[in-house]
Amino acid sequence: MSGLDRFVAEREASLVDFRRSLHREPELGFTEYRTASRIAARLHELGYALRVGRQAMVEASMLGRPPASQIEARLDRLQGDATVARWRERMPEGMTAVVGEIRRGPGPVVALRFDMDALPIAEADDATHLPAREGFRSQNPGVHHACGHDGHAAIGIGLAEWLVRDEARWRGTVRLLFQPAEEGGRGALPMAEAGVADDADWLFAAHLGCHLDTGTVAACATHMLYSTKLDATFAGRAAHAGANPELGRNALLAGATATLNLHALPRYAGAATRVNVGKLVAGVGRNVIADHCRMEMEVRGETLEAAEFMAGRARAILESAAHMHEVACEIARVGETCAARCDAEAVALVERVAGRIVGVDRVLHGAPLGGGEDAPFLMRRAQDNGGKACYFLIGSTLADCHHSPHFDFDERSLGIGVKLFAGIVEEATSSP
Ligand SMILES: [Zn+2]
């Protein structure tokens, strides 16, 4: 058994414990105070140099930051948490990024991205759902780690523990990027703008699951979609629905008209596209012409052109529906993802490493991610400066699909993830 295999075997239980503690307290993007402060505390203990909050992200590039009241509400809930109390001042106003860096003399800079956020989905609460059965179901109502980012964060910490050990064979600089707000495509860009990936010779990011079973690794994620997330606010005029409906300006109808027409956007030749209105809230009551309506929607495209076409058409539909009902419409871009270009050398490196890991029995060259990601903002910064980047997939048999109430992944993939990243660091820094 190699030192790494022994280390992972010994740490398996603590990896699972850490993952479950995050799963029990899932946090939405830019409110990951409990998660980020635990990560910062552990990295500090292990001797990593830290960049936290403003040192690790540019505030002006934060899209879709929740209102201050939501961030405060999260912090209120964490009152009395000593670790949060110690770190929260360094993470003002939702700036929850944590970067840990460790050096071993001269050598390449390897940056690795781990995201930390959860989703606004109520977690299943029946006996078929393992987290409910084993007592680590979400204690944060309406929030669920339904994409496995609790696993990503646990893998990042497991790796951090391995890298400080004498038996870990690597040199140079390793930088661990713990990213907030991946969901909605919001957290990577402000970190990229802070320069955390600029000098990286290598940058790797990964996702658990993605329809690959435990033991399978895909060295390169394909079919990543560009996406644009928009919030639209329609403002009309209230009026008595019986006495003077003609005096009203109906924001609800504008939102409903826009919704139906967004989903009727024309097909696009040559590239897959998506559109979804995921949330629509309007009105105050039965007998009042609705004077406000708020919509959360997104469009996606396989190519930049297709995505830009969809976003342009979506804006036109939102504005036209508002015009039709004589209401005002404000459109805010609240998130964005872009496609990744995996460098052949980096993909080959992942394939080589995965091929010799105990617990990995199938290595694919590529497999579809099946969604959007904002890690490419970080990858591009490394690539623009001559670095090599790759986004790979760590198979994990799922209880149900990503972003669903019954989502849960196979915890055996945590140890595999640590071994993959550890192997990648060793391989990337051993070559001259
Ligand atoms: Zn995800």
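Atoms within a ligand are numbered from 1 in the order they appear, just like the ligands themselves. In this chain, numbering begins with 1 at the start of the sequence shown. From a predicted model like this one, the values you see are computed outputs, not experimental measurements. Basis for what follows: all heavy atoms, side chains included, without hydrogens, waters or symmetry-related copies.
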Degrees at the Zn ion (ligand 1) between the NE2 atom of H149 and the SG atom of C147, nearest 10° = 110°

Do any of the N, O or S atoms of H402 sit under 2.8 Å from the Zn ion (ligand 1)?
-> no

Considering all heavy atoms, the nearest R74-T31 contact | CG-O, 3.4 Å

Walk me through it: do Y391 and F204 pass the test ring pair (Phe, Tyr, Trp, His ring centres under 6.0 Å)?
-> CA-CA 6 Å; Y391 191 105; F204 295 90; over 10 Å; no

In plain terms, say whether R113 and E182 are close enough for a salt bridge, that is, a side-chain N and a carboxylate O under 4.0 Å apart.
-> no

Does E161 come within less than 4.0 Å of R11, counting only side-chain N to carboxylate O?
-> yes

Can you tell me if H207 has an N, O or S atom under 2.8 Å away from the Zn ion (ligand 1)?
-> yes

